[in-house]
Each structure stands twice: as structure tokens, then as C-alpha cells.
Enquirer: 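Take this structure, written in C-alpha cells, and hold onto it; I'll ask about it next.
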Amino acid sequence: MNSPVSVVILAAGMGTRMRSKTPKVLHRAGGLTLIEHVVRLARTVAEPENIVVVVGHGADAVRSVLAPYGVGTAEQTEQLGTGHAVRCARAAAPAHGHLVVLYGDAPLLTAATLAALVDDRPETATVLTAILDDPTGYGRILRDPAGHVAGIVEHKAATPAQREIREINSGIYCFRAEKLWAHIDAIGTNNPAGEFYLTDIVELLRAAGHLTQARILADPNELLGINTRVELAKVDAIFRARKTTELMLDGVTLEKPETITVDVDVTIGADTIVESGVRLLGRTTIGADCRIGAGSILASATLADEVLVHPYSVIEDSRLGAGARVGPFARLRLNNVVGAHAHIGNFVELKNTRLGDGAKANHLAYLGDATVGARSNVGAGAITCNYDGVHKHPTTIGEGVFVGSNATLVAPVTLEAGSYVAAGSVITDTVPGEALAIGRGRQVNKPGWVSRRKK
Ligand code: UD1
Ligand code: MG
């Protein structure tokens with residue numbers, strides 16, 4: 001039986017160089033906060049109850065983002081160093097098994113790398129290392145003649161000869177938990193920064209006869225940590241590229257993928273085409289054989305198969321049935337359900353509206369808090385007056401209704417199935433089924449009026 005795995009995530013640091021009131025680990029890359037990326041990574045090897053996030057700066061805000069994940073937290077009120085941070089997690093973390101240390105501001109590590117690190121199940125510890133062309137700033141790995149890790153020296157404390165070493169400490173480790181906890185209290189602050197360095201544990205374990213091994217990472221980009229917003233943008237670009245690559249390999253066509261933004265949780269069916277400049281955000285789900293037009297923004301939208309979104313449409317928190325067509329320049333905001341093969345045309349806005357199968361609103365309309373029956377047609381410029389200045393009211397339109405252009409439907413109001421509303425009407429009362437409603441002033445022609453005025 002493999003020993004149980006726990007993960008401690010260090011996320012107490014302030015992130016001064018972000019120059020932000022938001023704690024560093026709550027900044028977003030690839031559409032998720034940094035800490036969520038790392039927690040999801042930790043979840044690939046550990047159960048939520050065996051994951052402890054060490055929080056400090058912005059602790060309450062970080063805890064609330066973590067709440068849905070069910071992981072534990074430990075508070076480090078003063079940031080006295082990485083060794084101290086791990087010590088703060090002791091009461092909340094398991095005493096036995098293997099314990100991985102991750103950083104909350106280094107979200108690019110892959111699940112494959114973490115799995116390999118954990119699969120080593122070291123007797124004492126494995127440190128993840130990398131060989132860098134420019135190792136400046138990192139702790140350096142010191143090896144004994146047998147190749148074992150003898151210690152880790154921080155850049156600041158390193159001798160000129162040690163600074164020549166290109167193998168660096170990633171800060172990610174897998175420890176035998178019993179050995180970590182048995183020696184962690186021996187870490188002191190005898191270093192230029194006066195901090196408790198977790199890296200000192202390597203020499204402490206070695207002095208007690210326990211050898212640390214190293215695992216060298218093939219792609220050092222996985223270690224990219226974030227200190228500034230410049231690095232945040234770089235990491236974001238890497239997440240975006242990972243996601244678009246994955247989608248293309250799964251059979252989605254992306255035109256100019258470098259211009260397309262897709263959040264990590266988005267799913268897209270095969271043979272869907274996404275044109276350039278599109279943003280697909282949140283939990284957006286797109287079916288197969290759809291086309292998403294250039295410049296469109298979809299946030300938490302759900303599209304069935306064969307949906308056609310013409311360019312520059314904005315769709316939020318809405319569902320579109322199979323074969324529906326939207327846009328160009330349509331706006332679906334908040335809680336709309338558009339039926340199969342329904343059409344929403346240019347400059348049409350929907351809010352909290354249900355549109356039946358095959359219904360159409362092709363030009364310049366506003367439908368708010370409305371239900372539109374199947375195959376009904378809402379003419380150009382027709383609007384629901386759903387708000388009386390205090391309350392919102394519903395508009396109910398039955399099946400097969402024809403709403404003429406520029407009709408004004410003053411809610412609450414009902415247009416029964418098969419009814420007609422004349423263009424330009426102001427409708428305040430129920431229109432019975434199959435009836436024609438005309439609610440407008442009659443036209444008056446005055447013959448010769450113009451020539452009389454000229455005289
Ligand atoms: C650390 C390592 C260094 C390694 C580098 C890799 C030590 C002493 N040094 O240095 O060998 O090359 O990472 O990036 O461990 N944190 C806390 N509480 C603290 C201090 C830090 O939660 O009291 C968190 C930070 O928020 C950050 C992580 O730990 O996420 C690393 O801390 P940081 O100060 O960046 O360590 P480095 O100096 O970069
Ligand atoms: Mg650092």
C-alpha cells in the first residue's frame with residue numbers, strides 16, 4: 001500500500017511587487033486565481049482533508065476563495081520564512097505518510113511532474129530541481145561527491161563558486177512526513193535575512209543520517225513563479241496556450257489561436273470553429289459543430305450543437321438550444337434560455353427571457369423578463385417595458401404570435417397564442433388568441449396642406 005499523501009501550500013507572502021491591494025495568490029491567470037490552480041494540482045495527489053494552505057496576507061479573502069474546495073488552512077501571522085510557514089501547518093497536516101510542499105504563486109507545475117515526484121516515495125525527501133542558464137536569485141543545490149544532495153544555499157548566502165552552480169532549488173519537495181516534523185524545529189535563523197529557511201532541513205536531515213535526493217525537472221518553465229504583473233501576464237499566456245493547444249488536439253478549429261482567450265474550465269465539442277479574438281470565459285460549455293464569430297465574448301454560456309454565434313455578440317449566463325443563431329452584435333445577459341433553431345439578430349438584447357423553439361427576434365429588440373412561445377416572431381424595434389421604475393414585470397407571449405415592428409409591450413401583459421400586434425402599437429392589455437391588436441393613433445392625411453403653407 002502506498003502511504004497517504006498530504007500537501008502543504010505556502011501562500012502567506014504579501015507579494016509586494018504586485019503593487020496590489022489584492023493578495024498575490026488571488027490574482028488570476030488562465031481564468032482562475034493562482035491559489036486555485038495550485039489547489040487543483042494538489043488534488044491530483046491528495047484528498048482535500050490532507051491539503052493545508054498556509055495563509056497570511058489577505059487570509060480571509062484567500063480562505064473564502066478556498067471554501068468550495070474543502071481544504072484546510074493554517075495561518076502564519078508574520079512571514080518569518082518558508083521553514084516557519086511549513087511549521088505553521090503542522091497542527092493541520094497529517095503526521096504520517098508523504099508530504100509535498102508547493103508554492104501558491106507557482107501555478108504552472110503539471111500534474112505529471114507532481115505525480116512523478118510523489119511516486120518516488122522517498123525514504124527521507126526528494127527536492128525538485130532544475131538546471132537554469134541564469135540561476136540568479138534561486139537557492140543552489142550542493143551535491144556531495146556521491147551525487148547526493150548535501151545542502152541548499154540561498155543566492156544571498158552563496159560564495160562566488162557556489163553561485164556558478166546552475167542546478168537550482170524549485171522550492172518544491174516531497175518529504176517523509178515523520179522525518180520532516182521530527183527535525184523542523186531545529187531550523188534556525190542564522191542567515192543574512194534572519195529568516196527560518198526551509199532549505200536548512202536538508203542539512204539537518206543529513207546530519208541525522210537521512211539523505212535527500214533530487215529530481216531534475218525537464219522543463220524549468222513549470223517553475224515560473226509570479227512576483228510582478230509582468231510575470232503574471234507571462235504565466236497567463238502559458239495557461240492560454242496550454243488550453244488552446246489541448247482544444248485543437250481535441251478537434252476544435254481555432255483561427256489565430258494566439259488571439260483567443262479560453263478559461264481553463266471551458267469545454268468545446270469537436271468540429272466547432274472559433275474565430276479570432278473570441279473570449280470564452282468561466283464555465284462556458286460549447287457543443288459540437290458550432291461557430292463562434294470573431295470578437296464574441298461568452299461567459300458561463302451553455303451552447304448545444306450547431307449553434308451559430310455571429311461576430312461581436314456578448315452572451316452571459318445563458319443557454320442556447322441546438323441550431324440557434326445569434327448576432328452579430330447581440331447581447332444576452334443573465335439567465336436566458338433560447339430554444340432550438342431560434343434566431344436572435346443584430347442589436348437585440350435579452351435579459352431573463354425564455355425564447356421557444358424556432359422563435360425569432362431578428363433586429364433591434366429588447367426582451368426582458370419575457371417568455372416567448374415557439375415560432376413567434378418579434379419584429380424590429382419591439383420592446384418589453386418590463387420595469388415600472390420600482391418593480392420588474394413579466395411579458396408572456398404565446399406560441400405563433402406576431403409582434404409588429406416597434407411595438408411597445410407594457411408589462412405585465414400577455415399576448416395569447418396566435419395573436420397579432422400591429423406595428424407601432426402600445427400594448428397594455430391582454431391580446432386574446434388569434435386576435436389583432438392595434439394600439440396607436442390613426443393616421444390623418446390633410447390634402448394640399450403643404451402648398452397652402454407655402455403661400
Ligand atoms: C525559496 C527557496 C529557494 C528557492 C526558491 C524557488 C527558501 C529559504 N528558499 O526562495 O531556495 O530557489 O524559493 O522559488 O525556502 N512564504 C510564506 N511564508 C513565509 C515565506 C514565504 O508563505 O514566511 C511563501 C511565499 O508566499 C511564496 C513561497 O513561500 O509563495 C516562497 O517564498 P519566497 O520568499 O518567494 O522564497 P524565495 O526567496 O524565492
Ligand atoms: Mg520567490
Side-chain angles (χ1 to χ4, degrees), residues 7-18 20 22-27 33-35 37-39 41-42 52-59 62-63 73-90 92-93 100-109 125 127-132 134-142 149 151-158 162-163 165-173 175 180 184 187-204 212 214 216-217 220-228 231-232 235:
V7 181
V8 171
I9 301 171
L10 307 190
M14 166 144 71
T16 319
R17 284 180 284 164
M18 295 298 282
S20 176
T22 304
K24 175 159 75 175
V25 294
L26 294 190
H27 282 265
T33 62
L34 304 181
I35 192 66
H37 281 291
V38 180
V39 166
L41 175 68
V52 181
V53 181
V54 180
V55 295
H57 282 280
V62 177
R63 276 200 203 94
T73 58
E75 191 149 349
Q76 185 193 30
T77 44
E78 247 188 308
Q79 278 65 64
L80 302 178
T82 48
H84 181 257
V86 171
R87 219 156 72 186
C88 290
R90 172 155 49 184
V100 174
V101 175
L102 300 176
Y103 289 171
D105 60 1
L108 286 172
L109 197 77
V127 53
L128 192 64
T129 70
I131 314 288
L132 300 187
D134 178 12
T136 309
Y138 286 96
R140 307 296 207 286
I141 302 296
L142 309 178
V149 179
I152 300 173
V153 59
E154 289 306 292
H155 181 88
K156 279 186 214 156
Q162 287 169 334
R163 288 188 182 183
I165 297 171
R166 288 170 51 226
E167 185 178 13
I168 60 100
N169 171 28
S170 70
I172 292 160
Y173 320 79
F175 290 103
L180 170 70
I184 195 159
I187 293 177
T189 56
N190 184 20
N191 56 62
E195 289 185 8
F196 293 91
Y197 283 167
L198 180 59
T199 45
D200 287 354
I201 196 84
V202 174
E203 278 179 56
L204 292 167
T212 295
I216 303 174
L217 190 61
N221 275 330
E222 286 189 36
L223 300 181
L224 275 182
I226 291 160
N227 294 303
T228 66
E231 287 160 346
L232 183 70
V235 168

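Read the numbers this way: they start at 1 and go in the same order the structure lists the ligands and their atoms. Just so you know, these numbers come straight off a predicted model, no measurement behind them.
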Enquirer: Report yes or no: does a heavy atom of His84 sit under 4.0 Å from some atom of ligand 1?
Expert: no
Enquirer: Side chains of Leu109 and Leu41: does their closest heavy-atom pair fall under 4.5 Å?
Expert: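 Heavy-atom side-chain distance check passes, below 4.5 Å.
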Enquirer: Just jot down the ligand 1 atoms closer than 4.0 angstrom to any heavy atom of Gly139, in number order.
Expert: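 In order of numbering, the contacting atoms are 3 (C), 4 (C), 11 (O), 12 (O).
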Enquirer: Which pair of non-hydrogen atoms, one from Val38 and one from Gly104, has the smallest distance, and what is that distance?
Expert: CG2-O, 3.9 Å
Enquirer: Mark up the atoms of ligand 1 that fall under 4.0 Å of a heavy atom belonging to Ser170, in ascending order.
Expert: 6 (C), 14 (O)
Enquirer: Rounded to the nearest 0.5 Å, how far apart are CZ of Arg163 and OG1 of Thr136?
Expert: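 Between Arg163 CZ and Thr136 OG1, I get 8.5 Å after rounding to 0.5 Å.
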Enquirer: Mind listing the closest non-hydrogen atom pair of Gln76 and Cys88 along with its distance?
Expert: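 Minimum heavy-atom separation between Gln76 and Cys88: CG-SG, 3.7 Å.
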Enquirer: Would you tell me which option among Asn169, Val54, Ile9, Asn191 has the nearest heavy-atom contact to atom 4 (C) of ligand 1?
Expert: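 Nearest heavy atom to atom 4 (C) of ligand 1 lies in Asn169.
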Enquirer: With heavy atoms under 4.0 Å as the rule, classify the contact between Lys24 and ligand 1 as side chain, backbone, both or neither.
Expert: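 For Lys24, no heavy atom sits under 4.0 Å from ligand 1.
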Enquirer: Considering only heavy atoms, which of Phe196, Tyr173, Tyr103, Tyr197 lies nearest to atom 14 (O) of ligand 1?
Expert: Tyr103
Enquirer: Show the atoms of ligand 1 that are less than 4.0 angstrom away from any heavy atom in Ala11.
Expert: 22 (O)
Enquirer: Between Thr199 and ligand 1, is there a nitrogen or oxygen pair with a distance under 3.5 Å?
Expert: no
Enquirer: Side chains of His84 and Glu78: donor-acceptor distance under 3.5 Å anywhere?
Expert: no
Enquirer: So, His27 and Ser20: side-chain donor and acceptor under 3.5 Å apart, yes or no?
Expert: yes
Enquirer: Under 4.0 Å, heavy-atom basis, I'd like to know which part of Leu80 is in contact with ligand 1: side chain, backbone, both or neither.
Expert: backbone
Enquirer: Please compare Leu132, Val25, Thr82 and report which has the shortest non-hydrogen distance to atom 36 (O) of ligand 1.
Expert: Thr82
Enquirer: Considering only heavy atoms, does Glu195 approach ligand 1 within less than 4.0 Å through its side chain, its backbone, both, or neither?
Expert: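 It is neither; nothing of Glu195 touches ligand 1.
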Enquirer: Hey, what do you get for CG (Asn169) to CD1 (Ile165), rounding to the nearest 0.5 Å?
Expert: 12.0 Å
Enquirer: Polar-atom distance check: Ala85 versus ligand 1, any N or O pair below 3.5 Å?
Expert: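 Checking ligand 1 against Ala85, no N or O pair falls under 3.5 Å apart.
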Enquirer: Is it the case that ligand 1 has an N or O less than 3.5 angstrom from some N or O of Gly13?
Expert: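 Between Gly13 and ligand 1 (N or O atoms, distance only) the closest approach is under 3.5 Å.
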Enquirer: Give the contacting part of Ala12 toward ligand 1: side chain, backbone, both or neither, where contact means a heavy-atom distance below 4.0 Å.
Expert: both
Enquirer: Taking distance alone, no hydrogens or angles, what donor-acceptor pairs closer than 3.5 Å link side-chain atoms of residues 187-198 to residues at least two apart or in another chain?
Expert:
unit_1: Asn191; atom_1: OD1; unit_2: Ala193; atom_2: N; d: 3.1
unit_1: Asn191; atom_1: OD1; unit_2: Gly194; atom_2: N; d: 2.7
unit_1: Asn191; atom_1: OD1; unit_2: Glu195; atom_2: N; d: 3.1
unit_1: Asn191; atom_1: ND2; unit_2: Glu195; atom_2: O; d: 2.6

Enquirer: Flag Gly171 as yes when one of its N or O atoms lies below 3.5 Å from any N or O atom of ligand 1, and as no otherwise.
Expert: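 Between Gly171 and ligand 1 (N or O atoms, distance only) the closest approach is not under 3.5 Å.
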Enquirer: For Gly81, take its heavy atoms, then give the atoms of ligand 1 lying under 4.0 Å from any of them.
Expert: 19 (C), 20 (C), 23 (O)
Enquirer: For a quick test of reading the model, state the closest non-hydrogen atom pair linking Pro135 to Ile168 and the distance between them.
Expert: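 Reported closest heavy-atom pair: CB-CG2, 3.4 Å.
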Enquirer: Between Ala106 and ligand 1, find which residue part has any heavy-atom pair under 4.0 Å and reply side chain, backbone, both or neither.
Expert: neither
Enquirer: Could you measure the distance from the CD1 atom of Ile201 to the CZ atom of Phe175? Nearest 0.5 Å is fine.
Expert: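 If I round to the nearest 0.5 Å, the distance is 6.0 Å.
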